[in-house]
Amino acid sequence: MLLLIPGPVATRPEVRAAMAQDYAPWDNDFRTLYARVRERVRVLAGGGAETHTALALQGCGHFAMEASLRSFVPAGGRMLIPHTGQYSARLATLARHAGHDVVAPEVSQDAPLDPAVVANALAADPAIRHVGLVYSETGSGVVLDAAAIGQVVHAAGARLILDAVSAFGALPLDVSAMPELDSVAFSANKCLEGMPGLCMIVARTERLQQPEAREGGSWALNLGEIYAQYQRSGPGSFRFTPPAQVLASLDVALDLYEAEGGREPRLARYRENVRTVYEGMIGIGLVPYLPRAVQGPIVVNIHAPADPTWHLQTFVDQLKRRGFVISNFFNTPLPSFRVGCIGAVTPEDMRRFVAAADAALTEMGVHRREPAPAAS
Ligand SMILES: *Cc1c(COP(=O)(O)O)cnc(C)c1O
């Protein structure tokens, strides 16, 4: 069964095999492994040894985002979180629960966020000291120009919290060139092609050492506390019980990432996956949600076909019988289905998927495949 969802992704057998073992968290071999994974991730993010550090936390991507929002934005601080889609809405929810005063202007969900929108919002309201952004909006499939928006944030003297959960490892990132960046967060189970259960953050060491980084109303989801643990007990010490098998499998996933040639070849493979799905769907009479020019390399949304026989769960079940799993929900304003193009999957897998989708629709009797009139 091949997962075509934008995380957790399909993994390679070597990655899964690394889980088939018991680990003692305090054991020196495990500490060495954890310290190594942290270093590898810091380097991948472009972080300097003196300036940046990578931290890991039990849990999924949202945990890393919550920890970032609580550790770097002072309680009650005003934040700008433009509403780019489903995941920016979640970021805003996490920020509100952390007690922040969130400004979430409506912006287009079908095009990358214009940096001028951020510049104008910051100029209009100098009380906004932090901006929260989703680098790759997994809801829409649109990718933002995080570096360009970061420059605007920097120019305004504000700080940036970046959700790179569906971007890290594939889309360009150089934290050393982003002085405005407080933290970038991601999980093991998306573009790094590891297992679920572990999230990571790359942050500025100097910011982690400030006493405010240990406030924020949560003791467990607190990056200052995690950093203090490394200082107390060494760089391979995990605060509370780690998902040890997931960490060990991430180490293997990073080996495979290097063997593939690193970020650019991985992104090239994902782009080719997206191209194959995007064009293949048009070829079988369906209509992709986004114009080609703004379609990102992570996930493709396809308009639900107009035919009254269309039924998402039936389609999902039909595909499953043919060896593919896609989401049984959508995150777009209009009905759609989504196809994740990340993970250990190739353009050849995507070609087989297109054929399976065509066969499934035919068996369902979905003949009118263009979107319902209201949608086009
Ligand atoms: C997957 C994802 C998350 C986190 O999802 P979890 O289920 O918490 O791992 C956050 N942001 C984006 C953009 C994502 O794609």
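All of these numbers come straight from a predicted model, not from anything done at the bench. In listed order, ligands and their atoms are each counted from 1. What's counted below: heavy atoms across the whole structure, side chains too, no hydrogens, waters or symmetry copies.
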Enquirer: Pairwise, report which nitrogen or oxygen atoms of ligand 1 are under 3.5 angstrom from protein nitrogen or oxygen atoms, and how far apart they are.
Expert:
unit_1, atom_1, unit_2, atom_2, d
ligand 1, 5 (O), His62, ND1, 3.4
ligand 1, 8 (O), Gly61, N, 3.2
ligand 1, 8 (O), His62, N, 2.9
ligand 1, 8 (O), His62, ND1, 2.5
ligand 1, 9 (O), Gly61, N, 2.8
ligand 1, 11 (N), Asp163, OD1, 3.3
ligand 1, 11 (N), Asp163, OD2, 2.7
ligand 1, 15 (O), Thr138, OG1, 2.4
ligand 1, 15 (O), Lys190, NZ, 2.7

Enquirer: Could you note down all residue pairs passing side-chain hydrogen bond (donor to acceptor under 3.5 Å, both in side chains) where residues 282-293 supplies at least one of them, sequence neighbours left out?
Expert: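 Every candidate side-chain hydrogen bond (donor to acceptor under 3.5 Å, both in side chains) pair involving residues 282-293 fails, so no pair, neighbours aside, qualifies.
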Enquirer: With ring centroids as reference points, do Phe238 and Tyr34 lie under 6.0 angstrom apart?
Expert: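 Yes.
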Enquirer: Does anything in residues 305-314 form a side-chain hydrogen bond (donor to acceptor under 3.5 Å, both in side chains)? List the pairs, not counting sequence neighbours.
Expert: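 Sorted pair list: Asp307-Thr309, His311-Thr314, Gln313-Asp317, Gln313-Asn328.
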Enquirer: Please list all pairs passing the side-chain hydrogen bond (donor to acceptor under 3.5 Å, both in side chains) test where one or both residues lie in residues 63-74, with sequence neighbours left out.
Expert: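 side-chain hydrogen bond (donor to acceptor under 3.5 Å, both in side chains) check on residues 63-74 returns Glu66-Arg70, Ser68-Ser183.
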Enquirer: Assess, by modelled atom type and distance only, whether the side chains of Arg78 and His100 contain a donor and an acceptor separated by less than 3.5 Å.
Expert: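 The answer is no; no qualifying pair exists.
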Enquirer: Check the pair Arg275, Glu272 against salt bridge (charged side-chain N to carboxylate O under 4.0 Å, His left out), reporting the backbone distance first and the verdict last.
Expert: CA-CA 5 Å; Arg275 196 184 65 78; Glu272 191 57 21; 2.6 Å; yes
